[in-house]
Visitor: 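Got a structure here, written out as structure tokens. Questions coming.
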Amino acid sequence: MSPTDQGALTGAGLGAATGAIIGDASGNSAEGALLGAAIGTVAGVAVGHKEEVQMERDAAIMAARESELRRREITMSDVVNMSRQGLKDDTILLAAQTRGCQIDMNPNNMIYLKEQGVSEPLIKQLIEYGN
């Protein structure tokens, strides 16, 4: 059930109960309950919808942040390029640790890195980092 639906249901129930109590004091408990339910439903929908919009906005913000983090992560191509440019293993590993690393260190990727000139100690460190 969505927050809007929950708000409508809760508002209707609370409004009906409140309306019945107030209506009972004036001798019109049924009319009071109906009026209270209507007012409560409208108020509940408004509150629930606001919550639903907030949840959707929060989800969009989280997705955007996750996407940004993924774009910043070090890739296998980055490791190969940094290694070819003569960066030391510790520097490359530090980049992977601070920016994140999206390399699946499966056997094929390990062999590829080795074939591209990446040192075995760095490959081992990337495997350890991934665990």
Visitor: For Ser83 versus Gly117, what's the shortest heavy-atom pair and its separation?
Guide: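 For Ser83 and Gly117, the tightest heavy-atom pair comes out as OG-O, 3.6 Å.
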
Visitor: Got Met76 and Gln116 here, is their nearest side-chain heavy-atom distance under 4.5 Å?
Guide: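 The answer is no, as the side chains (C-beta and beyond) never meet within the 4.5 Å cut-off.
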
Visitor: To the nearest 0.5 angstrom, please state how far the NE2 atom of His49 sits from the CG atom of Asp5.
Guide: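 Between atom NE2 of His49 and atom CG of Asp5 there are 12.0 Å.
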
Visitor: Does the side chain of Glu56 reach to within under 4.5 Å of the side chain of Glu52, using non-hydrogen atoms?
Guide: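 Side-chain contact under 4.5 Å: yes.
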
Visitor: Enter the distance from Met105:CE to Lys124:NZ here, rounded to the nearest 0.5 Å.
Guide: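 NZ of Lys124 is found 12.0 Å from CE of Met105.
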
Visitor: Can you tell me how far apart CG (Asp78) and CE (Met82) are? Round to the nearest 0.5 Å.
Guide: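 One gets 5.5 Å once the value is rounded to the nearest 0.5 Å.
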
Visitor: I want to check something: taking the side chain as every heavy atom from C-beta on, are Val80 and Ser77 in contact at a cut-off of under 4.5 Å?
Guide: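 Not in contact.
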
Visitor: Quick one: list whatever passes side chain to side chain contact (heavy atoms under 4.5 Å, CB included) with Thr91, sequence neighbours left out.
Guide: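 Thr91 satisfies side chain to side chain contact (heavy atoms under 4.5 Å, CB included) with Leu87, Lys88 only.
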
Visitor: Taking only residues two or more places apart in sequence or in another chain, which ones pass side-chain hydrogen bond (donor to acceptor under 3.5 Å, both in side chains) with Gln6?
Guide: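 In terms of side-chain hydrogen bond (donor to acceptor under 3.5 Å, both in side chains), with neighbours along the sequence ignored, Gln6 is linked to no residue.
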
Visitor: Asp58 and Gln54: side-chain donor and acceptor closer than 3.5 Å?
Guide: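 Distance-only check passes for Asp58 and Gln54.
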
Visitor: Within the structure provided, determine whether Ile103 and Glu73 are in side-chain contact (heavy-atom separation under 4.5 Å).
Guide: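 No, their side chains stay 4.5 Å or more apart.
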
Visitor: So, taking the atom named CG in Asp90 and the one named CG in Leu94, what distance separates them when rounded to the nearest 0.5 Å?
Guide: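 The distance works out to 8.5 Å.
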
Visitor: Sort out for me which residue in Ile92, Val79, Ile74 forms a side-chain contact (heavy atoms from CB on, under 4.5 Å) with Leu126.
Guide: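 When side-chain contact (heavy atoms from CB on, under 4.5 Å) is applied between Leu126 and each of Ile92, Val79, Ile74, only Val79 qualifies.
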
Visitor: Is a donor on one side and an acceptor on the other found under 3.5 Å between the side chain of Tyr129 and the backbone of Ala96?
Guide: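 The answer is yes, because a donor-acceptor pair under 3.5 Å joins these two groups.
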
Visitor: Would you say Tyr112 and Val118 make side-chain contact, with heavy atoms under 4.5 Å?
Guide: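 In short, these two side chains do not touch, never coming nearer than 4.5 Å.
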
Visitor: Does a donor on one side chain and an acceptor on the other come within less than 3.5 Å for Asn106 and Asp104?
Guide: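 Judged by distance alone, the side chains do pair up.
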
Visitor: Determine the minimum heavy-atom distance between Met110 and Ile123, stating which atoms define it.
Guide: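 Heavy atoms of Met110 and Ile123 come nearest at O-CD1, 3.8 Å.
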
